[in-house]
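First up is the structure itself, then whatever we jot down about it.
Excluded from the calculations below are hydrogen atoms, water molecules and symmetry mates; all remaining heavy atoms, backbone and side chain alike, are included. Chain naming here is simple, since letters A, B, ... match the order of the sequence lines and numbering starts at 1 in each.
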Number of protein chains: 2
Amino acid sequence: MIGEIIAIGNELTSGRVLNTTSRYAARLLYGAGHEITAMTTIGDAPADIGKTLRRAVKRSEFVIVTGGLGATSDDLTSEAAGKGLGRPVALQPKVFDKIKARYQHLDEATTRSLKRLAMLPAGAEILHPEGKMAGYLLVHDATPLFFLPGVPHEMEELLRNRVIPRLADWQPTGGKQVRQRVFKVFGLGETEINHRIGHLEKETATSIRIGYYPVFPEVHLSLAVTAVAAALAETTLHRLAGEVQQALGDALYGTDDDTMASVTGQLLQIHGKILATAESCTGGLIGRKFTSVPGSSEYFAGGVIAYSNDLKERFLGVDPALLVRHGAVSPEVAKAMADNIRARSAADIGLAVTGIAGPAGGTPQKPVGTVFIGFSSQNKTIVTPCCFAGDRWQVQELAAVTALDLTRRFLLENTGPTRTTTL
Amino acid sequence: MIGEIIAIGNELTSGRVLNTTSRYAARLLYGAGHEITAMTTIGDAPADIGKTLRRAVKRSEFVIVTGGLGATSDDLTSEAAGKGLGRPVALQPKVFDKIKARYQHLDEATTRSLKRLAMLPAGAEILHPEGKMAGYLLVHDATPLFFLPGVPHEMEELLRNRVIPRLADWQPTGGKQVRQRVFKVFGLGETEINHRIGHLEKETATSIRIGYYPVFPEVHLSLAVTAVAAALAETTLHRLAGEVQQALGDALYGTDDDTMASVTGQLLQIHGKILATAESCTGGLIGRKFTSVPGSSEYFAGGVIAYSNDLKERFLGVDPALLVRHGAVSPEVAKAMADNIRARSAADIGLAVTGIAGPAGGTPQKPVGTVFIGFSSQNKTIVTPCCFAGDRWQVQELAAVTALDLTRRFLLENTGPTRTTTL
């Protein structure tokens with residue numbers, strides 16, 4: 001079905017808050033075979049809300065509306081929708097009872113707040129059977145409008161468990177089949193990737209779309225195959241995935257939900273290696289990336305955030321003379337950090353980063369962005385000098401992802417291309 | 001001026017990529033005194049692009065268009081704009097020369113790619129004088145349309161240095177004055193905050209708008225004052241800021257660009273204290289938050305990511321008997337971690353976190369979300385038991401922010417309310 005998403009809130013149009021919910025909804029709906037032709041964001045202005053809803057009903061087969069359903073005084077969506085669509089809001093006593101039942105003690109102010117949650121446009125049908133979260137369906141001129149809360153995890157739950165199943169019923173005859181995969185690349189630019197794989201789009205038996213999306217510091221590309229039958233879409237996608245892998249080589253590190261940390265961690269686990277980190281300018285970011293993946297304790301031991309020189313000496317045993325002679329940002333210190341964290345933690349691999357993230361601290365010899373990455377394994381220690389461009393956040397992100405990538409490439413080279421199993 | 005923002009890209013409507021550029025643009029334009037009434041996201045479909053542009057020109061005083069200006073085959077914005085507005089694209093030779101001049105060696109494929117960048121709608125005037133990035137101004141029916149690249153840092157640079165100055169010239173007579181401040185709160189819910197400060201909106205001498213935005217795990221609220229004169233808007237905002245602070249107390253940790261880490265760091269610096277961390281379940285996240293702030297080396301020494309029990313013993317000297325008797329997730333181990341990182345790093349404050357982030361690892365006695373935060377200073381050690389609800393990401397985020405907040409509150413209580421200087 002062809003749908004559109006409308007997000008409501010002054011926090012969005014003033015740029016105060018990033019609209020993550022529309023994107024999440026678009027991704028989920030796309031995956032369920034629907035096409036989103038427009039995503040609109042408007043402020044909490046009743047007239048705008050009404051006009052936008054009326055236009056949406058006219059041009060789309062379904063509409064998702066998020067935000068402005070809460071109990072505070074700036075939540076105006078229901079009232080504006082009621083007015084805009086000629087379905088004035090009124091208290092739904094059954095909904096009100098359900099909401100009240102979830103509270104043990106109710107003072108007057110809270111009761112007044114909760115009442116707002118039960119003031120819904122005529123014909124609204126709440127989505128959560130126990131009324132645990134705001135959100136309702138309104139069918140207007142035969143078009144379903146799903147009103148969802150702006151709170152991301154509530155919106156997500158309702159979308160996944162209520163909206164998508166309802167939409168599936170709406171159109172029982174299957175339409176075209178879409179199969180999509182995202183390929184994640186580090187170390188190649190968008191233009192270079194386009195040169196290598198752009199020709200795949202010219203196939204004509206099925207409709208193929210390739211999108212290129214820089215997601216700093218990586219490039220992700222989306223390959224979507226549309227066909228009349230699911231089997232055709234799937235075999236085509238499978239074949240194209242092989243061609244993409246051949247064209248991009250090891251710069252292609254994973255697909256879909258993979259992250260550089262999850263892929264690197266998977267390789268460590270497969271080969272029974274334990275890694276420990278010694279981070280200076282990244283200040284814990286590499287550890288953070290590893291430990292954001294469930295189960296990372298299988299291969300990540302931990303490490304030292306040696307932000308000050310003092311801690312480089314105390315916890316890593318870096319020779320003070322080395323720090324004086326070469327400076328903390330030097331290949332020598334990167335090597336000592338990597339070797340020593342490996343030895344002191346008894347890990348198989350020591351990964352160390354020292355550099356100048358900026359904005360201050362640069363010199364003509366070692367400008368902001370100068371980073372040394374030390375990689376220590378049983379057989380050898382490699383120090384990779386880097387010179388990254390960007391602000392503090394970008395330099396830290398580049399240093400952390402490059403360190404992970406070096407580890408990934410080392411494991412691939414020394415143990416064979418096991419990554420292909422994930423494609 | 002009243003404007004709107006149009007973001008173009010299949011990566012956005014398919015939900016593949018989060019649209020951060022529209023939000024950034026909205027924030028900057030709002031701050032410059034403009035009002036954004038709509039933010040629209042559409043796919044790379046020429047007909048949609050044309051229709052959306054024509055509607056925008058009719059209803060808005062200026063239009064910002066982002067995305068689809070690149071050199072790859074899915075970049076269709078210029079061609080669609082040219083067609084949709086009746087200004088067919090053609091090669092602008094001067095622009096092409098500028099772009100070519102930035103490359104030393106040009107093969108045929110690259111030349112063809114670059115040529116696409118110089119194919120602009122009739123009347124387009126490029127924004128960057130040296131053509132270092134895509135982006136141009138098109139004045140159509142007296143309405144300025146700014147076409148900007150989707151790459152965030154390029155868009156941001158052009159918006160800040162080219163678009164906003166041009167818009168300021170467009171309307172030399174000042175209109176209404178808006179002054180906005182964002183208040184950042186941790187530890188109070190949206191409804192509770194609304195109860196405490198909602199009445200401020202009822203003032204009538206000036207127009208006051210309050211927005212409530214949950215930004216997990218915090219709540220941010222935006223207070224905007226609109227008045228005919230800048231001075232009135234400023235004094236009103238100043239007075240209201242005082243009332244907000246009184247109503248929210250220490251749960252209000254900062255304003256505008258403050259983060260929990262920057263505010264905590266500022267307090268550490270003011271009082272000459274050095275902090276070191278011992279992180280288990282947060283895996284480096286606290287260190288990451290501290291070191292994302294420039295200048296954090298003044299008060300953050302570093303620490304140990306003691307993710308495995310082995311590293312808790314090796315680097316922090318936690319007694320193995322303690323780990324066996326009470327488990328790694330226990331008040332006893334949190335205390336030992338905090339005391340020992342302080343002693344071994346010679347810092348003034350030791351901050352430790354041990355817990356179960358999930359999804360695995362929970363038990364009936366210690367379910368997922370059980371976290372102990374140890375805070376060690378010269379005079380005392382405090383262990384705070386927490387039971388957080390949420391997924392892995394949420395538990396880690398809550399644990400890290402709560403640890404920072406406990407540090408902040410300790411410094412406030414023990415040194416007086418220095419935070420008020422930042423309001």
*asked:* Taking every non-hydrogen pair under 4.5 Å, which of A:Lys289, A:Arg344, A:Glu35 racks up the most with chain B?
replied: A:Arg344
*Tell me, for B:Glu313 versus chain A, whether the close heavy atoms (under 4.5 Å) come from the side chain, the backbone, both or neither.*
neither
*Could you have a look at B:Asn309, B:Ile36, B:Thr52, B:Asp74 and say which one has the most heavy-atom pairs with chain A under 4.5 angstrom?*
B:Asp74
*Is any side-chain heavy atom of A:Glu4 less than 4.5 Å from a side-chain heavy atom of A:Thr40?*
yes
*Measuring from A:Ile5:CD1 to B:Thr41:OG1, what's the distance to the nearest 0.5 Å?*
9.0 Å
*Between B:Leu29 and chain A, which part of the residue has a heavy atom less than 4.5 Å away: side chain, backbone, both or neither?*
neither
_Max heavy-atom pair count under 4.5 Å with chain B, selected residue of A:Ala360, A:Gly295, A:Ala346, A:Gly9_ = A:Ala346
*Answer yes or no: is there a donor N or O on one side and an acceptor on the other, between the side chain of A:Arg288 and the main chain of B:Ile286, under 3.5 Å?*
no
*Given that the side chain runs from C-beta out, which part of B:Glu190 has a heavy atom under 4.5 Å from chain A: side chain, backbone, both or neither?*
both
*Using a cut-off of under 4.5 Å for heavy-atom pairs, which of A:Ala301, A:Ala71, A:Gly390 has the most such pairs with chain B?*
A:Ala301
*asked:* Less than 4.5 Å to any heavy atom of chain B: does that hold for the side chain of A:Glu11, its backbone, both, or neither?
replied: both
*Taking all atoms of both residues into account, what is the closest heavy-atom pair of A:Thr354 and A:Cys281, and its distance?*
C-SG, 4.1 Å
*Checking heavy atoms, do the side chain of B:Ser297, its backbone, both or neither come under 4.5 Å from chain A?*
both
*Is it true that a side-chain atom of A:Asp256 and a backbone atom of A:Val182 form a donor plus acceptor pair closer than 3.5 Å?*
yes
*If you look at every heavy atom in B:Gly287 and B:Glu279, which pair is closest and at what distance?*
N-OE2, 3.0 Å
*Which atoms of B:Arg112 come close to chain A, meaning under 4.5 Å heavy atom to heavy atom: side chain ones, backbone ones, both, or neither?*
neither
*Per-residue contact mode, A:Glu298 against chain B (heavy atom under 4.5 angstrom)*: neither
*Can you tell which part of B:Leu285 gets under 4.5 Å to a heavy atom of chain A, answering side chain, backbone, both or neither?*
both
*For A:Thr282, is it the side chain, the backbone, both or neither that has a heavy atom under 4.5 Å from a heavy atom of chain B?*
backbone
*Side chain, backbone, both or neither: which part of A:Ile193 has an atom under 4.5 Å from a heavy atom of chain B?*
neither
*asked:* Can you tell me how the ring of A:Phe290 sits relative to the ring of A:Phe300, calling it parallel under 30°, perpendicular over 60° and tilted otherwise?
replied: parallel
*Specify which of B:Ser308, B:Ala224, B:Ser292, B:Gly303 makes the most heavy-atom pairs with chain A at under 4.5 Å.*
B:Gly303
_Which atoms of B:Asn10 are under 4.5 Å from chain A, going by heavy atoms: the side chain, the backbone, both sets, or neither?_
both
*Rounded distance (nearest 0.5 Å) linking atom CE of B:Met155 with atom CD1 of B:Ile64*: 9.0 Å
*Could you pull out the closest heavy-atom pair between A:Thr37 and B:Asp48, with the gap in Å?*
O-OD2, 4.1 Å
*Work out which heavy atom in A:Ile42 is nearest to a heavy atom in A:Thr13; give both atom names and the distance.*
C-CG2, 3.5 Å
*With chain A, which of B:Thr291, B:Ile210, B:Asp310, B:Val151 has the greatest number of heavy-atom pairs at distances under 4.5 Å?*
B:Thr291
*Please report the shortest heavy-atom distance between A:Lys312 and A:Ala306, naming the atom on each side.*
NZ-O, 3.1 Å
_Which atom of A:Arg392 lies closest to which atom of A:Gly358, heavy atoms considered_ = NH1-O, 2.5 Å
*Mind ranking B:Phe216, B:Tyr30, B:Phe315 by heavy-atom pairs under 4.5 Å with chain A and telling me who comes out on top?*
B:Phe315
*Can you tell which of B:Arg314, B:Arg27, B:His220, B:Arg23 has the highest number of heavy-atom pairs within less than 4.5 Å of chain A?*
B:Arg23
*What part of B:Val293 is in contact with chain A, defined as an atom under 4.5 angstrom from a non-hydrogen atom: side chain, backbone, both or neither?*
backbone
*If you count heavy-atom pairs under 4.5 Å between each of A:Ala276, A:Ser296, A:Ala25, A:Pro152 and chain B, which one has the most?*
A:Ser296
*asked:* Under a 3.5 Å distance rule, please check whether A:Gln394 uses its side chain to pair with a backbone N or O of A:Asp391 as donor and acceptor.
replied: yes
*So which of A:Ala400, A:Ala357, A:Ser22, A:Ser345 has the biggest tally of heavy-atom pairs under 4.5 Å with chain B?*
A:Ser345
_Gap separating the NE2 atom of A:His195 from the OG atom of B:Ser113, nearest 0.5 angstrom_ = 3.5 Å
*Sort B:Tyr24 into side chain, backbone, both or neither according to what part of it lies under 4.5 angstrom from a heavy atom of chain A.*
neither
*Measuring heavy-atom distances to chain A, does B:Tyr307 have an atom under 4.5 Å in its side chain, in its backbone, in both, or in neither?*
both
